Amino acid sequence: MNTTLEDKNVKNAKLKLERILFKADEMGFISKYDGKDYPEYIHDLWNSIIHQPILMTEALAVESKLGNGDTIQLVSDAMFESFHRHLESY
């Protein structure tokens with residue numbers, strides 16, 4: 001696969017994941033796992049997302065393109081970036 005197409009796929013996946021995470025936050029899933037260590041939190045968050053009918057189709061489509069490991073990494077990156085932006089707004 002050429003790098004440009006791969007970069008485009010990752011960028012599209014990131015945008016889809018951001019929308020999924022926004023919906024998950026509206027549903028209360030983002031704060032649901034407070035108190036766990038970060039890797040466990042991310043894995044539990046993703047597992048809850050892929051088991052929610054409203055989020056499942058889009059989430060599994062991303063995961064099928066990227067694989068579970070890369071998807072989890074992008075979820076983690078998106079959560080970290082979101083947290084960092086939130087801190088900067090103070």
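Scope of the values below: all heavy atoms of this structure, side chains included, with no hydrogens, waters or symmetry mates. Everything numeric in this text was worked out from a predicted model, so none of it was measured.
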Undergrad: Could you work out, with side-chain contact (heavy atoms from CB on, under 4.5 Å) as the rule, every residue matching Asp77, not counting sequence neighbours?
TA: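 By the side-chain contact (heavy atoms from CB on, under 4.5 Å) rule, Asp77 matches Gln73, Leu74, Glu81.
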Undergrad: Please check if the number of heavy atoms outside Ile54 that lie under 6.0 Å from its CD1 is greater than 12.
TA: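 No, CD1 of Ile54 has 12 or fewer neighbouring heavy atoms, counting only those of other groups under 6.0 Å.
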Undergrad: How about Glu40 and Asp37: do any of their side-chain heavy atoms sit closer than 4.5 Å?
TA: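 Yes, side chains in contact.
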Undergrad: Between Asp25 and Leu21 (side chain of the first, backbone of the second, donor and acceptor by atom type, cut-off under 3.5 Å), is there such a pair?
TA: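 Checking the backbone N and O of Leu21 against the side chain of Asp25, no donor-acceptor pair under 3.5 Å is found.
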Undergrad: How many angstroms lie between OH in Tyr41 and OG in Ser76, if you round to the nearest 0.5 Å?
TA: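 Rounded to the nearest 0.5 Å, the OH-OG separation comes out at 10.0 Å.
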Undergrad: Could you point out which residue of Asp44, Leu55, Val75 forms a side chain to side chain contact (heavy atoms under 4.5 Å, CB included) with Ile49?
TA: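 It is Leu55; the other options fail the test.
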Undergrad: Determine the minimum heavy-atom distance between Val62 and Ala13, stating which atoms define it.
TA: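 Of all heavy-atom pairs spanning Val62 and Ala13, the closest is CG1-CB, 4.1 Å.
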Undergrad: Out of curiosity, Tyr38 OH to His43 NE2, how far, rounded to the nearest 0.5 Å?
TA: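 Here the interatomic distance stands at 10.5 Å.
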Undergrad: Are Phe80 and Val10 co-members of a hydrophobic cluster defined by side-chain heavy atoms under 4.5 Å apart?
TA: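 Same cluster.
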Undergrad: Between CD of Gln52 and CZ of Phe29, what distance do you get to the nearest 0.5 Å?
TA: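 Between Gln52 CD and Phe29 CZ, I get 3.5 Å after rounding to 0.5 Å.
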Undergrad: If you group Ile, Leu, Val, Met, Phe, Trp and Tyr by side-chain heavy-atom gaps below 4.5 Å, do Met27 and Leu17 land in one group?
TA: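 Yes: a chain of side-chain contacts under 4.5 Å links Met27 to Leu17.
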Undergrad: Can you find a pair of side-chain heavy atoms, one from Leu45 and one from Met79, that are under 4.5 Å apart?
TA: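 In short, these two side chains touch, coming nearer than 4.5 Å.
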Undergrad: Roughly how far, to the nearest 0.5 Å, is the CG atom of Leu15 from the CD1 atom of Ile20?
TA: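 Ile20 CD1 to Leu15 CG: 11.0 Å, rounded to 0.5 Å.
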Undergrad: Distance from Ile72 atom CD1 to Leu66 atom CG, nearest 0.5 Å?
TA: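 Answer for the CD1-CG pair, Ile72 versus Leu66, is 11.0 Å.
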Undergrad: To the closest 0.5 Å, what do you measure between CG (Leu60) and NE2 (His51)?
TA: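 Spacing of CG (Leu60) from NE2 (His51) equals 8.0 Å.
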